[in-house]
Amino acid sequence: MIGYVGGNLIAIALAAAVMVVRQLEGIVSQLAVVSYCIPIVAIGPILRILIDPPQSGEVAGTAVFLAGMLVFFTTVVGALLGLKAADKATLDLVAAYGGSRWQQLTKVRIIAAIPSILTALKVAAPSAFLGAVLGEYLGGVDVGVGPALINAQQTLQIPRTWGIALVAGLVSLAGYLIVALIGRFAAPWAAGTKEGR
């Protein structure tokens, strides 16, 4: 959850910054692509060195980092698409009245981007869970879904392996559905419900 919230907040903040300072778009886009393309098996050992293993009962720093990293690309792309989809006539109207890019962002673009951001947040929820599971395994945690799955595989407990994998899939689906439900109540007009039409 910490990685999901942190990664999404950073992604949305950077996408908003691009709307105010256009020169940042190339840097933010490249950063998003790099975060998406880095193989986790390559970054795992580096994280293991940089982030100390957690004490018993603490959250693994690698799990938080990987969860945040795996949601970053999806949310940056969704937020940028939504922020750029704002009605040009409305943006021109704000500019005609002397509004700055910041005012265009806060008064027009953010509202226009809500449907795209909600969709990105839904897609990012399962990615965050996957990142957390991988981070548990790579972060030296001895209790969690990642170590339990690896232990079941190594001891050839096939039913247990499949059971853990199915439960992980259901948890990812639940995360997706919870974010979708929150989005439906937070912005019914964006979710396309009958009440919002």
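Fair warning: this is a prediction, and the values are worked out from it, not measured in the lab. No hydrogens, no waters, no symmetry mates; every other heavy atom, side chains included, goes into these values. The first residue of the sequence shown is numbered 1, and numbering continues consecutively from there.
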Checklist entry - CD1/Ile43 to CE/Met69 distance, rounded to the nearest 0.5 angstrom? => result 4.5 Å

Item to check | Val179 versus Ala125, closest heavy-atom pair with distance | outcome: CG2-CB, 4.1 Å

Checklist entry - What's the shortest heavy-atom distance between Ala124 and Thr74, and which atoms? => result N-CG2, 4.4 Å

Checklist entry - Same cluster for Val28 and Met19 if Ile/Leu/Val/Met/Phe/Trp/Tyr side chains link at under 4.5 Å? => result yes

Next on the checklist: Quick check against the 3.5 Å criterion: does Arg109 have a side-chain atom that pairs as donor or acceptor with the backbone of Ala86?
Outcome noted: no

Item to check | Shortest non-hydrogen contact from Leu121 toward Tyr4 | outcome: O-OH, 2.8 Å

Checklist entry - Can you tell me how far the CD1 atom of Ile117 sits from the CG atom of Leu83, to the nearest 0.5 Å? => result 5.5 Å

Item to check | Under 3.5 Å: donor-acceptor pair, side chain of Thr75, backbone of Phe72 | outcome: no

Checklist entry - CG of Leu14 to CG of Leu31: how many Å apart, nearest 0.5 Å? => result 7.0 Å

Item to check | Nearest heavy atoms of Val76 and Ala15, plus distance in Å | outcome: O-CB, 4.4 Å

Next on the checklist: Pair Val108, Leu93 - check side chain to side chain contact (heavy atoms under 4.5 Å, CB included), show working.
Outcome noted: CA-CA 10 Å; Val108 180; Leu93 181 64; over 6 Å; no

Item to check | N/O donor-acceptor pair under 3.5 Å between Glu25 side chain and Val18 backbone | outcome: no

Checklist entry - Is Leu70 reachable from Val34 through a run of I, L, V, M, F, W or Y residues, each pair having side-chain heavy atoms under 4.5 Å apart? => result yes

Checklist entry - Which pair of non-hydrogen atoms, one from Lys122 and one from Ala180, has the smallest distance, and what is that distance? => result CD-CB, 3.3 Å

Checklist outcome for this item: To the nearest 0.5 Å, atom CD1 of Ile46 lies from atom CD1 of Ile38 at 8.0 Å

Next on the checklist: Looking at every non-hydrogen atom in both residues, tell me the closest pair between Gly78 and Ala120 and how far apart they are.
Outcome noted: CA-CB, 4.1 Å

Next on the checklist: If hydrophobic clusters are built from ILVMFWY residues whose side chains come within less than 4.5 Å, do Ile27 and Val77 share one?
Outcome noted: no

Next on the checklist: I'd like to know if Leu80 and Leu105 are part of one continuous hydrophobic network [Ile/Leu/Val/Met/Phe/Trp/Tyr, side-chain heavy atoms within less than 4.5 Å].
Outcome noted: yes

Next on the checklist: Taking CD1 in Ile2 as the centre, count heavy atoms belonging to other residues, nucleotides or ligands within less than 6.0 Å. Is the count above 12?
Outcome noted: no

Item to check | Atom pair CZ/OG of Phe73 and Ser29 - distance to nearest 0.5 Å | outcome: 9.0 Å

Checklist entry - If you measure from CD1 on Ile10 to OG on Ser35, what distance do you get to the nearest 0.5 Å? => result 11.0 Å

Checklist entry - Among the clusters formed by ILVMFWY side chains lying less than 4.5 Å apart, do Leu9 and Val71 turn up in the same one? => result yes

